[in-house]
Amino acid sequence: MTVKTKADFKIRTRIMLLYLGLSLLLISIAIPGMFYLISKTLKDSFDSVIKETMNQAESCIVLEEEGIALSNIKDLEEKLLRNGGLFVKIYDENYNELFSSHGASDAFEWCEKEKNWKKENRTIQIHNEQAHIFLVGNVYYNSLLQNLLIVVLLFIPIYLILTAIFTYFMAKTMLNPISKIISTTRTIKAGDWKKRIEDINTKDEIGELAQEFNEMISTIDESYTRERSFTSNASHELRTPVSIIKACSEEALTTNDQQIVKENLETIQFESDRIGKIISQLLILSRGFEGRYNFNPEPLELFECTESIIGTLEEESSKKNITIHNEIEKDRTVCADQIMLTQILINVIGNAIKYGRQNGNIWAHSYSMNNYIWIEIKDDGSGIAQEDLTHIFERFYRGDKTRNRDGVGLGLSIVKWIIDLHHGKIQVSSTIDKGTTFLIGFPQK
Ligand code: ADP
């Protein structure tokens, strides 16, 4: 047989046991206390009645010429009648009976045989004479207390049973939503990520827990879906150039035509470059996810940085005869990590060239507004369709996939990640065939 520990019991059972324990503790303190108080009050009042009666009996005893006599005995009899259960006998010093109250002979006999009787006596000395007062009283409150005790002892188990049943079902009803949360968790654990907690619309803590839980699962589900599509997109993007390289190499190996061999080798070179680009961008992103990057923000001269990127991209821009106008003020600085700022400018200006038109222009501006230093990169190229604008920062999203074999769809997601890291902002506006403007804001330090 295994012994259940506290943790093995369900919460509702624990609440019930706790409540029962508390009730028992209260009962075991309150009931003896209550009995003590009641019995003390009754005993005190009984004792004071006995004392008063004794005093009254004493005041009846007088000394006359013939010896001890009684006066005002009527008052004493009235008092005894009023109080009931009290009996008095008065004797002279030779124990000759001077007074015996109504029923006193029987009462004095009973009190010898039965419990619950209180006996008192007092000897009075008046000059040379003595008198003896004997009083017996029925301790009526003892039987009263006994009856009360029986009622209370019967009531305690009934109270405890009712309490146990009530708390068990109350706790069960209150914890019902938790059972729903548990069963939903199990369904999700089994793989159904679309399952959500339903029918808990209360505004209490459990309602809040259910809402937070649903939101948490949605966030995890979204990020899982993103990760899954990232992996499948990455493999797809890599598979295409690999297949092209395979086909080209097969063709080059089976032909004697030098021109075809050359063309195939050029394609292989182009696709290898593409694979290299994809891999290096994937590496940047994955280092970002894992937090494996150096981040050293420092004040950087924007004009200088842009100028050096224009130089790096010279070859690409001159192929399309695109003119890049660096109109950034010379003393403008931003606080950013140098390698990361370079990456942003390469990606954004590189895109402006990639999607720019032949003999086009690119303008780089900068200004400060609302506690941000804004860098504006504007081109007069192909523009971005409105339906694409909201997606261009997603990983592997490419505007026109058929036209755009050059792109990978990772450049702007890297830019977005870097900007978030700098607590910056990025905005884009575009008109098809007119051009695109990217606004990149760095917090002004
Ligand atoms: P890609 O490697 O495809 O350029 P990006 O993440 O850099 O990937 O850009 C995502 C998409 O945004 C591009 O495929 C392109 O459709 C669009 N885009 C980005 N910059 C520009 C631009 N200056 N002009 C036109 N389209 C752009």
Side-chain angles (χ1 to χ4, degrees), residues 226 229-230 232-241 244 270-286 288-289 306 309-310 312-313 315-317 319-326 340-365 374-421 424-440:
R226 257 203 319 270
S229 76
F230 178 74
S232 89
N233 280 333
S235 18
H236 177 78
E237 289 299 329
L238 287 169
R239 205 173 48 207
T240 313
I244 295 172
F270 175 80
E271 294 302 332
S272 317
D273 283 351
R274 194 173 148 71
I275 291 176
K277 257 191 241 167
I278 296 176
I279 289 173
S280 64
Q281 292 196 330
L282 280 176
L283 268 176
I284 294 175
L285 276 179
S286 75
F289 297 150
T306 315
I309 302 305
I310 293 170
T312 312
L313 297 170
E315 202 185 321
E316 279 94 331
S317 58
K319 269 187 208 159
K320 282 185 157 178
N321 194 27
I322 289 177
T323 316
I324 305 179
H325 311 268
N326 186 358
M340 291 184 179
L341 179 68
T342 309
Q343 186 73 58
I344 292 178
L345 292 174
I346 286 199
N347 289 4
V348 177
I349 300 176
N351 276 350
I353 298 171
K354 203 171 11 173
Y355 305 108
R357 63 181 174 81
Q358 197 68 33
N359 305 323
N361 291 283
I362 297 170
W363 296 269
H365 285 284
W374 295 95
I375 308 166
E376 187 188 81
I377 308 289
K378 189 174 165 189
D379 66 61
D380 54 2
S382 62
I384 306 170
Q386 283 306 307
E387 63 269 24
D388 290 334
L389 271 182
T390 45
H391 299 289
I392 55 172
F393 296 104
E394 290 169 17
R395 285 174 268 164
F396 290 111
Y397 191 86
R398 276 187 284 149
D400 185 343
K401 295 179 183 66
T402 43
R403 216 157 29 105
N404 170 15
R405 268 251 52 230
D406 209 11
V408 179
L410 289 174
L412 287 182
S413 52
I414 292 174
V415 169
K416 177 83 175 68
W417 167 68
I418 295 175
I419 299 234
D420 287 345
L421 201 68
K425 291 181 180 176
I426 184 159
Q427 294 163 8
V428 56
S429 58
S430 187
T431 312
I432 283 284
D433 292 333
K434 286 235 163 77
T436 305
T437 306
F438 277 91
L439 268 180
I440 297 155

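All figures in this text were calculated on a predicted structure; none of them were measured in a lab. Both ligands and their constituent atoms are indexed starting at 1 by order of listing.
Ligand 1 lies nowhere less than 4.0 angstrom from a heavy atom belonging to Asn347. Under the 4.0 angstrom criterion for non-hydrogen atoms, Phe393 is not in contact with ligand 1. Residue contact annotation: Gly383 has a non-hydrogen atom under 4.0 Å from ligand 1. Using a 4.0 Å heavy-atom cutoff, Asp388 is absent from the residues neighbouring ligand 1.
Residue-ligand proximity, Tyr397 to ligand 1, at heavy-atom distances under 4.0 Å covers atoms 10 (C), 11 (C). Residue-ligand proximity, Gly409 to ligand 1, at heavy-atom distances under 4.0 Å covers atoms 1 (P), 2 (O), 3 (O), 6 (O), 8 (O). Taking every heavy atom of Leu410 and a limit of under 4.0 angstrom, the matching atoms of ligand 1 come to 6 (O), 8 (O). Each of the following atoms of ligand 1 lies closer than 4.0 Å to a heavy atom of Lys354: 1 (P), 2 (O), 4 (O).
Checked by distance only, ligand 1 and Tyr355 come closer than 3.5 Å through their nitrogen or oxygen atoms. Backbone and side-chain nitrogen or oxygen atoms of Ile384 are examined, and none is located within less than 3.5 angstrom of a nitrogen or oxygen of ligand 1. Note: no N/O pair closer than 3.5 Å links Phe438 and ligand 1 by distance alone. Taking only nitrogen or oxygen atoms, main chain and side chain alike, Arg398 does not reach within less than 3.5 Å of ligand 1.
Judged purely by atom type and a 3.5 angstrom limit, Lys378 has no side-chain atom pairing as donor or acceptor with the backbone of Ala364. Between the side chain of Glu376 and the backbone N or O of Leu439, no donor-acceptor pair lies under 3.5 Å.
For atom 16 (O) of ligand 1, the choice among Gly399, Ala352, Ser382 with the nearest heavy atom turns out to be Gly399. Selection from Asp380, Ile392, Leu389 by nearest heavy atom to atom 17 (C) of ligand 1 gives Ile392. Remark: among candidates Ile362, Val408, Asn351, the nearest residue to atom 20 (N) of ligand 1 is Asn351, based on non-hydrogen atoms.
Paired with Phe438 under the rule side-chain contact (heavy atoms from CB on, under 4.5 Å), one option of Asp379, Leu412, Val415 passes, and it is Leu412.
Sparse packing is recorded around NZ of Lys434, with 12 or fewer heavy atoms of other residues, nucleotides or ligands lying under 6.0 Å away. Within a 6.0 Å radius of CD in Glu315, no more than 12 heavy atoms belonging to other residues, nucleotides or ligands are found.
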Could you go step by step and tell me if Lys416 and Asp420 meet the salt bridge (Lys or Arg N to Asp or Glu O under 4.0 Å) rule?
CA-CA 6 Å; Lys416 177 83 175 68; Asp420 287 345; 3.0 Å; yes
Steps toward side-chain contact (heavy atoms from CB on, under 4.5 Å) verdict (Ile275, Leu238):
CA-CA 6 Å; Ile275 291 176; Leu238 287 169; 4.0 Å; yes
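Contact check on Arg357 versus Asp380 returns a salt bridge, with a Lys/Arg side-chain nitrogen under 4.0 Å from an Asp/Glu carboxylate oxygen. A salt bridge is absent between Arg395 and Glu237; no separation between the charged side-chain nitrogens and carboxylate oxygens falls under 4.0 Å.
Residue-level proximity to ligand 1 for Thr436 is carried by the side chain, the only part with a heavy atom below 4.0 angstrom.
Here Leu283 contributes atom CG and Leu285 contributes atom CG; the two are 9.5 Å apart, rounded to the nearest 0.5 Å.
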